[in-house]
Amino acid sequence: MGNTLHSAVPNVQIIATENTWLEGKAIQQLEITAQLPDMVSVVGLPDLHPGRGYPVGAAFFSQSRFYPALIGNDIGCGIALWQTDLTLNKWSLDKLEKRLGSIDSPLAEEDLPDDIPEHFCYLPGTIGGGNHFAELQQLDEIYQPEVLETWKLNKQQLLLLVHSGSRGMGQMILEQHVREHGHHGLVASSPQAQNYLQQHQQALDYACFNRQLIAERMLKRWKANGERLLDVSHNLLTPCTIDGTNGWLHRKGATPADQGLVIIPGSRGDYSYLVQPLASEHSLFSLAHGAGRKWMRSECKERLDGRYNAVQLSRTALGSRVICLDKQLIFQEAPEAYKSISCVMDAMLQAGLVTLIARLKPVLTYKTRGGNE
């Protein structure tokens, strides 16, 4: 654990190396959050970056009280990985893109199961904006072949990675909570806390269901079959015991390290990694959830405008293609706006938090066909 940095605040740790990109504002947000009432310990992961008041890429452990505002407005945002029977030797990128078309509009009511709960009706089957995406990927490097054999994966098959959340549902829950309680948190034993936990679970369930809808929708367009291999949320609250203390674990842009194999995605022009977590109280049972932003969204266009146009940004150095017809978003989501995924992975490897299973390469990334998502 020699690459763990200790801040001036005693209950804060940061998983990083000397090469990890860390903004002072993100560390400051982490340290301020660590001083909230009943906060026991806080960990910044190597994808740590500033958020709206609270940092992203972090885990927070509190006792007796929890803080819905730390989870944020997209409860259940996370990633699902699907095995498919698509192979690149049978499909060109042009054909895949043409067959997919647009999936920006919500699924029609007749395309939804008859018995879904009413609260599952927030833009069903849609990805959303920001850093959300769906991506066909190909196995590039295999480090633990015996693990992949259990899933019967090979380099010819394409995998589908879906990154999305609870859409407007999480925003509604957060807004209602902040109106009524501000940012003071909730005593865990209170009726108000129980009410939030019920809403939180509904949002988690919907986010998982929505990722399934997105995957099934895309596979149907390609007339392909698929099987879900994993689904994990990055924004969630769970009861947890750390160092013998019962409390509440908040993950804000953090991958659970206690749910089996997980995938850590890079930017849309970089690799993703399938890993076996080595669950650790030291990291609050959490891992980085991706590369993490390096630049603010508002500065991306200015930084990149003289070097690239939107068409150039739709092709990546790895030979993959990005479908994004929102000209602002394609600059905001450019690979240059993110940290290097290899540096993020190095920090976790040096901290003894993961074992690499495989590296995946992007093939076709879907963001949006329109400009208003």
What's the verdict on side chain to side chain contact (heavy atoms under 4.5 Å, CB included) for Arg251 and Leu287, showing C-alpha distance, side-chain angles and the deciding distance? CA-CA 10 Å; Arg251 292 187 178 101; Leu287 304 173; over 6 Å; no
Step-by-step side chain to side chain contact (heavy atoms under 4.5 Å, CB included) determination, Asn235 to Lys252: CA-CA 5 Å; Asn235 292 354; Lys252 176 60 174 174; 4.0 Å; yes
With side chain to side chain contact (heavy atoms under 4.5 Å, CB included) as the criterion, how do Asn309 and Lys327 come out once you've worked through the C-alpha distance, each side chain's angles and the decisive distance to 0.1 Å? CA-CA 9 Å; Asn309 58 37; Lys327 292 185 178 179; over 6 Å; no
Before you tell me yes or no, could you show the steps for Val56 and Arg293 under side chain to side chain contact (heavy atoms under 4.5 Å, CB included), namely the whole-Å CA-CA distance, both residues' side-chain angles and the distance that decides it to 0.1 Å? CA-CA 9 Å; Val56 182; Arg293 291 200 70 87; over 6 Å; no
Take Ser286 and Ser283 through the test side-chain hydrogen bond (donor to acceptor under 3.5 Å, both in side chains) and record every step on the way to the result. CA-CA 6 Å; Ser286 301; Ser283 65; 6.0 Å; no
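Remark: Gln212 engages Glu216 in a side chain to side chain donor-acceptor pair (under 3.5 Å) (not counting sequence neighbours). Evaluation of the side chain to side chain donor-acceptor pair (under 3.5 Å) rule for Tyr273 yields no partner, not counting sequence neighbours. Every residue meeting the side chain to side chain contact (heavy atoms under 4.5 Å, CB included) condition with Thr84, not counting sequence neighbours, appears here in chain and number order: Leu86, Leu158, Leu160, Leu219. Scanning for side chain to side chain contact (heavy atoms under 4.5 Å, CB included) contacts around Ser342 gives Ser340, with sequence neighbours left out.
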Which pairs of donor and acceptor atoms, one on a side chain in residues 191-199, lie under 3.5 Å apart (sequence neighbours left out)?
from, atom 1, to, atom 2, distance (Å)
Gln194, NE2, Ala188, O, 3.0

Please set out all donor-acceptor pairs under 3.5 angstrom arising from side-chain atoms of residues 143-151, sequence neighbours excluded.
from, atom 1, to, atom 2, distance (Å)
Thr150, OG1, Val147, O, 2.6

Can I get a per-line list of side-chain donor-acceptor pairs under 3.5 Å for residues 59-67, giving both atom names and the distance, sequence neighbours left out?
from, atom 1, to, atom 2, distance (Å)
Ser62, OG, Arg65, O, 2.5
Arg65, NE, Asp38, OD2, 3.1
Arg65, NH1, His184, O, 3.2
Tyr67, OH, Pro37, O, 2.5

Sequence neighbours excluded and cut-off under 3.5 Å, please list the side-chain donor-acceptor pairs for residues 258-270, or say none.
from, atom 1, to, atom 2, distance (Å)
Ser267, OG, Gly269, N, 3.4
Arg268, NE, Glu135, OE1, 3.2
Arg268, NH2, Gly266, O, 2.5

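Using cut-offs of 30° and 60° for the angle between ring planes, the His132 and His163 rings count as perpendicular. Note on ring orientation: taking the six-membered ring where Trp is involved, the planes of Tyr206 and Phe120 are tilted (angle from 30° to 60°).
Between the side chain of Arg369 and the backbone N or O of Gly101 there is at least one donor-acceptor pair closer than 3.5 Å. Side-chain atoms of His181 never come within 3.5 Å of backbone atoms of Leu186 as a donor-acceptor pair (strictly under, hydrogens ignored). The main-chain N or O of Pro124 is never found under 3.5 Å from a side-chain atom of Arg167 such that the two would form a donor-acceptor pair. The main-chain N or O of Asp94 is never found under 3.5 Å from a side-chain atom of Glu97 such that the two would form a donor-acceptor pair. Checking side-chain atoms of Thr368 against main-chain N and O of Gly370 turns up a donor-acceptor pair under 3.5 Å. Counting only distance, with no hydrogens or angles, the side chain of Gln29 and the backbone of Pro50 share no donor-acceptor pair below 3.5 Å. In terms of modelled atom types and a separation under 3.5 Å, the side chain of Lys339 and the main chain of Pro46 share a donor-acceptor contact. No donor-acceptor pair under 3.5 Å is formed between the side chain of Asn11 and the backbone N or O of Val42. Within the 3.5 Å criterion, the main-chain N or O of Arg99 finds no donor-acceptor partner in the side chain of Trp222.
Trp21 forms part of no hydrophobic cluster, judged by ILVMFWY side-chain heavy-atom separations under 4.5 Å. Taking Ile, Leu, Val, Met, Phe, Trp and Tyr as hydrophobic and joining them when side-chain heavy atoms fall under 4.5 Å apart, one finds Leu304 in a cluster with Trp295, Tyr308, Leu313, Ile330, Phe331.
The hydrophobic cluster containing Leu213 also contains Tyr122, counting ILVMFWY residues as joined when their side-chain heavy atoms lie under 4.5 angstrom apart, directly or transitively. Residues Val344 and Phe285 share a single hydrophobic cluster, defined by chaining ILVMFWY side chains whose heavy atoms lie under 4.5 Å apart. Leu204 is not connected to Ile127 by any chain of hydrophobic side-chain contacts under 4.5 Å among Ile, Leu, Val, Met, Phe, Trp and Tyr, and they are in different clusters. Under the 4.5 Å side-chain heavy-atom criterion for grouping Ile, Leu, Val, Met, Phe, Trp and Tyr, Ile27 is not connected to Met296 through any hydrophobic cluster. Following chains of ILVMFWY side-chain contacts shorter than 4.5 Å, one can reach Phe209 starting from Leu236, so the two form part of one hydrophobic cluster.
Side chains of Asn225 and Asp85: a donor-acceptor N/O pair is present below 3.5 angstrom, by distance only. In the model, His183 has a side-chain atom that pairs as donor or acceptor with a side-chain atom of Tyr54 under 3.5 Å.
Contact between Ala58 and Ala254 at its shortest, heavy atoms only, is O-CB, 3.6 Å. The minimum heavy-atom distance linking Val187 with Ser190 is given by the pair O-OG, 2.7 Å. Summarising the geometry of Gln137 relative to Ser272, their closest heavy-atom pair is NE2-OG, 3.1 Å, with the distance given to 0.1 Å. Taking each heavy atom of Gln138 and Leu88 in turn, the nearest pair found is OE1-CD1, 3.7 Å. The shortest non-hydrogen separation linking Gly165 to Asn210 is O-ND2, 3.8 Å. Nearest heavy-atom pair, Pro68 versus Leu174, reported as atom, atom and distance to 0.1 Å: O-CD1, 4.1 Å.
Residues Thr245 and Ile242 fail the side-chain proximity criterion, which asks for heavy atoms closer than 4.5 Å. A 4.5 Å side-chain heavy-atom check between Ile79 and His234 finds at least one atom pair inside the cut-off. The side-chain heavy atoms of Arg179 and Gln176, taken from C-beta on, include a pair separated by under 4.5 Å. Within the 4.5 Å cutoff, no side-chain heavy atoms of Glu333 are placed close to those of Phe133. In this structure the side chain of Thr255 never reaches within 4.5 angstrom of the side chain of Val275, judged on heavy atoms. Between His289 and Val232 the shortest side-chain heavy-atom distance does not fall below 4.5 Å. Between Gln13 and His282, some side-chain heavy-atom pair lies under the 4.5 Å cut-off. Put simply, the side chain of His177 does not reach to within 4.5 Å of the side chain of Ile71, judged on heavy atoms.
Applying the side chain to side chain donor-acceptor pair (under 3.5 Å) definition to pairs two or more places apart or across chains, those involving residues 351-361 are Asp140-Arg359. Sorted by first and then second residue, the salt bridge (Lys or Arg N to Asp or Glu O under 4.0 Å) pairs involving residues 192-209 (not counting sequence neighbours) form an empty list.
How far OH of Tyr338 is from CD of Gln332: 9.0 Å, rounded to the nearest 0.5 Å. With rounding to the nearest 0.5 angstrom, the CG atom of Leu70 is 9.0 Å from the CG atom of Leu237. For the atom pair CE of Met169 and CG of Leu123, the computed distance is 12.5 Å after rounding to the nearest 0.5 Å.
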